[in-house]
Number of protein chains: 2
Amino acid sequence: MRLSTRTRYGIRAMLELAENVGRGPLQLRIIARRQDISVKYLDQLMTILKSAGFVRSIRGSKGGYVLARAPEQIKLNDVFNCLEGPVVTVECTENENYCARAADCVARQVWTQVQEAVMAVLQSITFQDLVDRTKNNKSPDYQI
Amino acid sequence: MRLSTRTRYGIRAMLELAENVGRGPLQLRIIARRQDISVKYLDQLMTILKSAGFVRSIRGSKGGYVLARAPEQIKLNDVFNCLEGPVVTVECTENENYCARAADCVARQVWTQVQEAVMAVLQSITFQDLVDRTKNNKSPDYQI
DNA sequence: TAATATACTACTAATATCGTAGGAATTGGG
DNA sequence: CCCAATTCCTACGATATTAGTAGTATATTA
Ligand code: FES
Ligand code: FES
C-alpha cells in the first residue's frame with residue numbers, strides 16, 4: 001500500500017498549477033525544477049492528466065500548462081483515481097463475482113471500509129484547499 | 001494502492017485460525033483448501049506471521065498452526081503492517097528529512113491524513129470482531 | 001519406521017515502476 | 001522566414017516486486 005511517485009508527483013504538479021491560476025501557462029521545466037522531478041518523466045504524467053481533462057496545454061514558445069477547471073472544483077480523489085487507479089483495489093470490492101462467497105466475506109467488508117475511509121478523505125479536499133493551506137503555512141503572522 | 005495477495009491471504013488465514021480457536025492446531029493444507037490458496041505460498045506467509053509472533057506452530061504429525069494470542073487481542077492493523085508494510089508509505093511521513101521542505105508541505109499533510117484514516121479503521125477491528133461478523137452472516141435468523 | 005507436518009532455501013515468470021532518450025510538431029518573436 | 005522554446009509522441013531499459021513453484025530437511029506421532 002505504497003503510493004507511486006506517479007501519483008505523488010502528479011498531485012504536486014497539479015498543486016503548482018493551482019497556485020499559478022491567473023498567471024498564464026506554467027512550463028514543465030519550471031514545475032519540474034520547483035518540485036524536483038525529472039522533466040521527461042513529468043512530461044508523461046502531464047499527458048495522463050491532460051487526457052483525463054484536468055489540465056490544458058498551450059504548445060509552442062511561451063506555452064505550458066494550466067488547470068482545465070477551477071481549483072475548487074477538482075477533488076484530490078479525482079486526480080488520485082486517474083494516476084493511481086481505483087483506491088484500494090481488491091477485485092472483489094468492485095466485482096461481486098470475483099470471489100465465490102463474496103456476499104458473506106468479512107475480509108471483503110474490511111477492504112470496503114478501508115476504501116471508503118480513504119475516499120472520504122480525498123473527496124473532502126480540493127486543490128483550492130491545498131492552496132489555502134500553503135498560504136497559511138507560509139505566513140504564520142496570520143495565525144493567532 | 002492495491003493490496004498484495006500476501007496481505008489478503010495472510011489475513012484470511014489468520015481468520016481461519018481465529019475461527020478455530022479451542023479446537024487444536026489447524027493444518028496449512030486445510031487453510032489453503034478452504035481459502036483457495038497455494039499450500040506452498042501459504043507456507044511462506046505463515047513463516048512471516050510466525051516470526052512476527054501472531055501464530056505458533058506445532059510441527060510433526062497432527063501439527064499445524066494456532067493463534068499466538070486471543071483473537072480479541074490481535075488488531076487487523078498489526079497483521080496488515082507485518083505483511084503489507086507501513087500503511088501508505090510516503091517516505092516523508094515517516095522521515096522528516098526525506099524531503100527538503102517537509103515541514104510546510106501540504107502534500108505530505110494529505111498523505112498523513114489518508115494514512116491515519118486507514119489506520120483508524122484497521123485499528124478498530126480485531127479478529128474476534130471478524131469471527132463475530134462471520135457468525136452473523138451465516139445465521140441471519142438472529143437478526144431482527 | 002512410516003506417515004504427516006512444518007521449516008528452510010532457492011529459483012522463476014510475469015508485471016509494474018521509474019525513469020531516460022530522441023526526435024517531431026507547434027508557436028511566438030525578431 | 002528563422003530560431004528558440006515548448007509540448008507531443010514513442011520506444012527502450014534497468015530495477016524491484018509479486019506471486020508463486022519446487023525440492024529437501026527436520027520434527028512429531030502412532
Ligand atoms: S470476497 Fe474476495 S476475499 Fe472474500
Ligand atoms: S514533504 Fe515529501 S512530498 Fe512534500
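Lettering of chains follows the sequences in order, A, B, ..., and the numbering in each one begins at 1.
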- Message: Go nucleotide by nucleotide along DNA chain C from the 5' end; which of A:Asp43 and A:Thr7 gets its closest nucleotide reached first?
- Response: A:Thr7
- Query: What is the distance, rounded to the nearest whole Å, between atom CD of A:Gln27 and atom C1' of C:dT27?
  - Reply: 13 Å
- 5' to 3' on DNA chain D, which nucleotides open and close the contacts with chain A (atom under 4.0 Å from a heavy atom)? D:dA5 to D:dA11
- In whole Å, what is the span from the OH atom of B:Tyr41 to the P atom of C:dA7? 18 Å
- Given C:dT17, C:dA7, C:dT26, the nucleotide with the shortest approach to the side chain of A:Arg59: C:dT26
- Might you work through the salt bridge (charged side-chain N to carboxylate O under 4.0 Å, His left out) test for A:Arg2 and B:Glu91, ending with a clear yes or no? CA-CA 9 Å; A:Arg2 181 221 226 132; B:Glu91 295 308 325; 3.7 Å; yes
- Query: Rounding to a whole Å, what distance do you find between B:Lys40:NZ and C:dC8:C1'?
  - Reply: 9 Å
- What's the CG-C1' distance between B:Leu42 and C:dA7, to the nearest Å? 14 Å
- Message: Between C1' on C:dA2 and NZ on B:Lys62, what's the gap in Å once rounded to a whole number?
- Response: 14 Å
- Query: Does OP1 or OP2 of C:dT17 have a side-chain N or O of A:Tyr9 closer than 4.0 Å?
  - Reply: no
- Message: Whole angstroms only, please: what is the CD1-P distance between A:Ile37 and C:dT17?
- Response: 17 Å
- Note on the structure: The answer to which of A:Leu3 and A:Gly60 contacts DNA chain C further toward the 5' end, by nearest nucleotide, is A:Leu3
- Query: Between B:Glu19 (side chain) and B:Val131 (backbone), is there a donor-acceptor pair under 3.5 Å?
  - Reply: no
- Query: When B:Val110 is tested against each of A:Asp129, A:Ile11, A:Ile125 for side chain to side chain contact (heavy atoms under 4.5 Å, CB included), which residue passes?
  - Reply: A:Ile125
- Distance-only polar pair, side chains of A:Glu94 and A:Thr89, donor-acceptor under 3.5 Å: no
- Query: Angle class for the A:Tyr9/A:Tyr41 ring planes (parallel below 30°, perpendicular above 60°, tilted otherwise)?
  - Reply: perpendicular
- Could you tell me the separation between the CE atom of B:Met46 and the P atom of C:dC8, rounded to a whole number of Å? 14 Å
- Message: With a 4.5 Å cut-off on side-chain heavy atoms, are B:Val79 and B:Leu49 touching?
- Response: yes
- Item | Residue B:Gln44, side-chain heavy atoms: nucleotide from C:dG19, C:dA7, C:dT9 that is nearest | C:dT9
- When clusters are formed by joining ILVMFWY residues with side-chain heavy atoms under 4.5 Å apart, either directly or through shared neighbours, do A:Tyr98 and B:Ile37 land in the same one? no
- Query: Would you say a side-chain N or O of A:Arg6 is under 4.0 Å from OP1 or OP2 of C:dT17?
  - Reply: yes
- Nearest-Å distance, CG (A:Leu28) to P (C:dT20)? 14 Å
